[in-house]
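Structure record follows, encoded as structure tokens.
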Amino acid sequence: MPNRRPWELKVDIALPCATQNELNEIDAKQLIENGVICVGEISNMGCTPEAIELFLKHKIMYGPGKAVNAGGVATSGLEMTQNAMHLSWTANEVDAKLHQIMSEIHDQCVKNGRQADGYINYMKGANVAGFLKVAKAMLAQGVL
């Protein structure tokens, strides 16, 4: 096989996962031209803002790192909870809790990111859900 970048090939799903800004505008154009249907950031900030703009413009299912990559942070939180409360959950219990957390993240992205034409803008959904979570916490703490 010739030495080519992976997105120069036809793919259905692209998962940038190595570095920040791994996919740029040129890469996004190539992926779109090749018929990609889904891009999910496995790394933090795997795509440049220009690439993201193109994915959203072309109604590609785009999952931002803040939502897609939340499982690692959530698992760390579950581990800290176990340590702080002197608990020991089974692997199945941790997996069930993580599944619930990730399902809730997805539901919030869909709820807050659904556009009038039916397209789910996961970036907008994740941003709105995150903002609402912080705002509710601030209200509960009496900051606002």
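All residue numbers in this chain count up from 1 along the given sequence.
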Closest approach of [X] and [Y], non-hydrogen atoms and distance?
X   : Y   : answer
G71 : L98 : O-CD1, 3.7 Å
N24 : A51 : O-CB, 3.6 Å
S88 : E93 : O-OE1, 4.3 Å

Subject >> Any residue meeting side-chain hydrogen bond (donor to acceptor under 3.5 Å, both in side chains) with E50, in chain and number order, not counting sequence neighbours >> reply: T48
**OP:** Sequence neighbours left out, what pairs pass side-chain hydrogen bond (donor to acceptor under 3.5 Å, both in side chains) with at least one residue falling in residues 35-46?
**Re:** E41-Y62, N44-N69
Original post:
Short question: side chain of K124, backbone of G113 - any donor-acceptor pair under 3.5 Å?
Top reply: no
Partners of [X] by salt bridge (charged side-chain N to carboxylate O under 4.0 Å, His left out), sequence neighbours excluded?
X    : value
K59  : D117
K133 : none
E25  : K29

Subject >> Atom CE of M102: over 12 foreign heavy atoms under 6.0 Å >> reply: yes
In the structure I gave you, are the side-chain heavy atoms of [X] and [Y] within less than 4.5 Å of one another anywhere?
X    : Y    : result
P16  : I42  : no
V36  : D12  : no
K111 : V128 : no
N121 : L56  : yes
M61  : I37  : no

Subject >> ring-ring contact (aromatic ring centres under 6.0 Å, His included) partners of residues 68-122, not counting sequence neighbours, each pair once >> reply: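 Pairs touching residues 68-122 that pass the test: H106-Y122.
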Subject >> Distance-only side-chain donor-acceptor flag, Q30 / N34, under 3.5 Å >> reply: yes
**OP:** Answer with yes or no whether the side chains of Q100 and E104 bring together a donor and an acceptor at under 3.5 Å.
**Re:**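 Indeed, the side chains of E104 and Q100 share at least one donor-acceptor pair under 3.5 Å.
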Subject >> Chi angles and distances behind the side chain to side chain contact (heavy atoms under 4.5 Å, CB included) call for I101, I105 >> reply: CA-CA 6 Å; I101 291 167; I105 290 171; 4.1 Å; yes
